[in-house]
Amino acid sequence: MKKGCMSSTMKLAASFPLTKSSRSLLSPLEFSTQSSGNNIESRIPWRAWTSVKNHHGKQQQHMRPPSGTVAAYSAQSEEQPQQQEEEKTADEQKTKAREIVVEIPVDYDLHLLESAPSRSSVTNSEDLMSIYHEMSVIRRVEITADMLFKSQQIRGFCHLYDGQEAVCVGMEKALNFDDSVITAYRDHGIFIGRGGTIFETFSELMGKRTGCANGKGGSMHLYKRENNFWGGWGIVGTSPPLGTGLAFAHKYLKKPNVVVAIYGDGAANQGQLYEAQNLAALWELPIIFLIENNHFGMGTAEWRASKKPAYYDRISYIPGVKADGMDVFAIKEAFQYCKEYCLGGKGPIMLEADTYRYHGHSMSDPGSTYRSRNEIQGIRRERDPIEHVRKIILQEEIATKEELKDLDKQIRRDVEDAAAKAREAEQPRDDELFANIYKKDSGLIAYGCDRKKTRIQMP
């Protein structure tokens, strides 16, 4: 498998835009930064800002020129800003132009394929910082969602994605918003990767009108139609047959794009999955069946539920690839390979991402009754996807440890600001409770259990 590192000019800590083709949207962090006020620091490139502040955040004092040299100093100082700006621009261009090759240590497993995805991935500093930023935002969103759920500000089911960030971020580095994505209920990271904002995410989790589904979907049903994200679905095994329908539409309309239907190892034994795969192969549809194998279907280990706990090679007539789902570059290269395969008119392909979730199945599951805490800590220590990218950034001297800490703090502030704003957002009106049930809701009357006192009529 191959992997790629990404490079970038150092931009504002709160604004690393998504760097994928066919995108010109605000990143989640940009959205929340803009919505959280006019902080002067948030408008200064983060590398430039740290260069005029000491590590305590206090502004440094400029040295006074020696007496008798004020005139000469003034003349020099007029030339220095332009000179420094030119040097800075040249340095940034060199940094951005410098290719970084990331080697992918874990080999791919193949099924019915003669070639494999690349084992090295080419990137630059801008893309590398973008990847780190996006994965860190998703991690912080999930940590914040955990706290909001425990404080009863998020109700119902809540399935967190932390640990699996490399899958959605690596996938999006190979796709664009004209490609379609549909997934199951662990959908927060997928939604943000598809261009959703953290404010929309928290609003939907808390059932507010400002959510991506107007507060009616909640955690399991995030949705962004304009970017071809066709939602999270709460019924196990739903996304493959629905994704097959999307792929049929792509082919029928002659669109040069693919569909990604995402499901987990817990859904891999569903009968509807095999029906969908049969039709996809029969009609040679451009669909990637992505298995996010985090090794536990709820609290049941894969080996206890499946006679064959490998999923990429289950179908004798559909080729497949297995990649390291904790390595964002491996996933990126695997998706590029699979997308090229599908667009070549060869039909569907399977892609299994070997990943791991840090939280339990949902917030009602402590996640430690069917696995040990040592196991979770070992995965964090040895395979954490964000730490993998952090090490590459430091090794390539793209940013310092202090700069990454500052970026992490900025991300935390922005995520918390977005959550606070979502808490204060408007709740859906009463007359919206039964709306969107029928095509024409006007005049519909809804009664409460008593059939007398509680009565809502649609406008």
Side-chain angles (χ1 to χ4, degrees), residues 1-6 100-109 116-121 123 128-129 131-143 146 160-171 173 186 189 264-265 290-297 299-304 309-312 321-335 351-361 365-396 398-399 401 404-405 407-408 411:
M1 246 179 149
K2 60 167 136 171
K3 233 174 193 184
C5 225
M6 309 186 190
I100 300 170
V101 179
V102 178
E103 298 301 326
I104 297 168
V106 180
D107 203 356
Y108 303 96
D109 293 328
S118 174
R119 286 289 301 278
S120 61
S121 187
T123 186
L128 198 54
M129 290 302 297
I131 287 174
Y132 180 84
H133 168 261
E134 292 170 42
M135 294 171 72
S136 298
V137 166
I138 294 169
R139 177 72 57 86
R140 179 51 58 181
V141 164
E142 298 300 61
I143 291 171
D146 174 285
L160 302 183
Y161 199 74
D162 50 322
Q164 300 181 203
E165 298 91 350
V167 180
C168 65
V169 174
M171 173 182 73
K173 291 301 175 183
R186 200 177 305 279
D265 52 288
L290 171 63
I291 308 101
E292 287 185 306
N293 184 5
N294 58 31
H295 303 286
F296 295 95
T300 304
E302 57 183 351
W303 60 268
R304 295 182 61 205
Y311 306 99
Y312 71 100
V321 179
K322 182 177 180 181
D324 182 1
M326 305 297 274
D327 185 337
V328 66
F329 302 107
I331 294 298
K332 171 194 166 189
E333 295 300 327
F335 262 101
L351 174 55
E352 179 178 346
D354 179 6
T355 186
Y356 197 85
R357 56 171 164 81
Y358 293 154
H359 269 83
H361 170 71
D365 168 23
S368 57
T369 57
Y370 47 86
R371 56 183 181 175
S372 68
R373 295 191 183 277
N374 287 339
E375 176 183 319
I376 301 170
Q377 292 169 359
I379 295 291
R380 282 183 179 273
R381 185 172 57 252
E382 301 295 333
R383 297 183 64 202
D384 186 79
I386 298 178
E387 282 303 311
H388 175 56
V389 176
R390 184 196 298 269
K391 289 176 182 177
I392 296 171
I393 290 172
L394 295 175
Q395 178 183 329
E396 297 293 334
I398 296 169
K401 289 183 179 179
L404 290 180
K405 284 182 181 178
L407 178 55
D408 292 339
I411 289 172

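- In this structure, Q377 CD and R381 CZ are separated by 7.0 Å, a value rounded to the nearest 0.5 Å.
- Two residues are said to be in side-chain contact when any heavy atoms from C-beta on lie closer than 4.5 Å; V167 and Y161 meet this criterion.
- One N or O on the side chain of D265 and one on the backbone of N294 form a donor-acceptor pair closer than 3.5 Å.
- Not one N or O on the side chain of E142 forms a donor-acceptor pair closer than 3.5 Å with the backbone of L160.
- Annotation for C168 and G189: closest pair SG-O, 3.6 Å, computed over non-hydrogen atoms.
- To the nearest 0.5 Å, atom CD1 of residue I392 and atom CD1 of residue I100 are 8.5 Å apart.
- A pairwise comparison of heavy atoms in P385 and G163 identifies CG-O, 3.7 Å as the closest pair.
- Residues passing the side chain to side chain contact (heavy atoms under 4.5 Å, CB included) test with R371 are F296, Y356, R357, E375, I376, sequence neighbours excluded.
- R304 has its side chain out of reach of Y370: every pair of non-hydrogen atoms, C-beta onward, lies at least 4.5 Å apart.
- Residues meeting the side chain to side chain contact (heavy atoms under 4.5 Å, CB included) test with D384, sequence neighbours left out: R139, Y358, I386, E387.
- The shortest heavy-atom contact between V321 and P117 is CG1-CG, 4.2 Å.
- A side-chain N or O of D162 and one of H359 form a donor-acceptor pair less than 3.5 Å apart.
- A heavy-atom distance below 4.5 Å is not found between the side chains of N293 and Y312.
- Between R383 and the choices D354, V106, T355, the side-chain contact (heavy atoms from CB on, under 4.5 Å) rule is met once, by D354.
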Test side-chain contact (heavy atoms from CB on, under 4.5 Å) applied to I131 and K332, step by step: CA-CA 11 Å; I131 287 174; K332 171 194 166 189; 5.8 Å; no
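- Contact between V169 and M135 at its shortest, heavy atoms only, is CG2-CG, 3.6 Å.
- R186 places a side-chain N or O within donor-acceptor distance of the main-chain N or O of H361, the cut-off being under 3.5 Å.
- Between E165 and the options V137, I138, V328, a side-chain contact (heavy atoms from CB on, under 4.5 Å) holds for only I138.
- Across every non-hydrogen atom of A334 and A323, the tightest pair is CB-CB, 4.1 Å.
- Nearest heavy atom pair, residue S120 against residue V101, reads CB-CG1, 3.9 Å.
- Between the side chains of Y132 and D408, at least one donor-acceptor pair of N or O atoms lies under 3.5 Å.
- Under the 4.5 Å side-chain criterion, counting only non-hydrogen atoms from C-beta, M326 is not in contact with I331.
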